[in-house]
Amino acid sequence: MENTSKPMQGRRDKLEVIIYTQTHKIVGTVHTMPASRLVDFMNSKVVELFIVVTGASVYTLPEEKLLQTADFLALNKKGIMMVLPKPPGTPIIADVQSKDTAH
């Protein structure tokens with residue numbers, strides 16, 4: 001009998017995230033299972049090698065200059081150094097001027 005189940009389809013929660021790789025900062029939205037934690041999503045066996053980020057903005061590090069935007073980005077989980085939820089109202093790019101003037 002053929003397995004016709006499609007675990008990735010169905011209702012999803014949208015979570016805005018900031019993802020860091022060694023060379024890039026990616027800001028966008030991941031689509032998680034309803035009421036799941038971000039760590040559960042990242043450790044999920046359903047999401048084996050790549051995660052999908054929609055509405056992605058890719059910045060260079062450490063300069064945080066916009067490199068590219070994409071409606072859809074498939075990101076290899078092995079290259080992710082850190083991922084965190086983006087709190088509402090958090091600026092996407094660090095305020096470099098306030099860093100330079102804070103002594």
Side-chain angles (χ1 to χ4, degrees):
M1 180 178 236
E2 183 180 330
N3 181 0
T4 58
S5 66
K6 296 181 181 180
M8 294 301 289
Q9 291 185 348
R11 192 173 78 79
R12 302 297 226 156
D13 287 345
K14 294 179 181 180
L15 180 62
E16 288 189 71
V17 294
I18 302 171
I19 301 169
Y20 289 92
T21 68
Q22 286 190 338
T23 56
H24 297 93
K25 174 182 178 178
I26 302 162
V27 179
T29 302
V30 294
H31 303 263
T32 64
M33 297 303 289
S36 70
R37 300 176 305 168
L38 182 57
V39 69
D40 297 332
F41 169 74
M42 293 301 295
N43 288 327
S44 170
K45 297 295 183 199
V46 174
V47 183
E48 291 184 20
L49 188 56
F50 288 89
I51 66 166
V52 172
V53 182
T54 59
S57 297
V58 181
Y59 298 88
T60 59
L61 288 177
E63 303 86 8
E64 293 193 14
K65 292 186 180 179
L66 182 63
L67 180 64
Q68 185 168 349
T69 60
D71 292 334
F72 173 92
L73 176 75
L75 181 61
N76 190 313
K77 284 174 42 174
K78 292 181 181 180
I80 295 173
M81 304 303 291
M82 180 172 57
V83 59
L84 56 139
K86 181 185 173 295
T90 302
I92 293 173
I93 300 175
D95 186 353
V96 177
Q97 185 176 17
S98 66
K99 285 183 189 175
D100 292 341
T101 59
H103 293 275

Taking side-chain contact (heavy atoms from CB on, under 4.5 Å) as the definition, give me every residue that meets it alongside M82, ordered by chain and number, with sequence neighbours left out.
Y20, L84

Would you give the length of the straight line joining atom CZ of R37 to atom CG of N43, rounded to the nearest 0.5 angstrom?
9.0 Å

Minimal non-hydrogen separation, M81 against T21, with atom names:
CG-C, 3.6 Å

Tightest non-hydrogen contact, residues V58 and L73, listed as CG2-CD2, 4.5 Å

State which residues pass side-chain hydrogen bond (donor to acceptor under 3.5 Å, both in side chains) with T23; sequence neighbours excluded, sorted by chain then number.
none

Considering non-hydrogen atoms only, spot the tightest contact between S57 and L66 and give its length.
CB-CD1, 4.0 Å

With sequence neighbours excluded, residues passing side-chain contact (heavy atoms from CB on, under 4.5 Å) with E16
T29, K86

Look up atom CD1 in I19 and atom CD1 in I51, then write down how far apart they are to the nearest 0.5 Å.
4.0 Å

Between I26 and A56, what is the shortest heavy-atom contact and its length?
CG2-CB, 4.3 Å

Taking only residues two or more places apart in sequence or in another chain, which ones pass side-chain contact (heavy atoms from CB on, under 4.5 Å) with A74?
F50, F72

So, using side-chain hydrogen bond (donor to acceptor under 3.5 Å, both in side chains) as the criterion, who are the partners of T54 when residues are at least two apart?
H31

D71: side-chain contact (heavy atoms from CB on, under 4.5 Å) partners, not counting sequence neighbours:
none

Nearest 0.5 Å please: distance from the OG1 atom of T60 over to the NZ atom of K25.
10.5 Å

Rounded to the nearest 0.5 Å, what separation is found between the CG atom of L61 and the CG atom of L67?
10.5 Å

Donor-acceptor pair, side chain of K77 and main chain of M42, under 3.5 angstrom:
yes

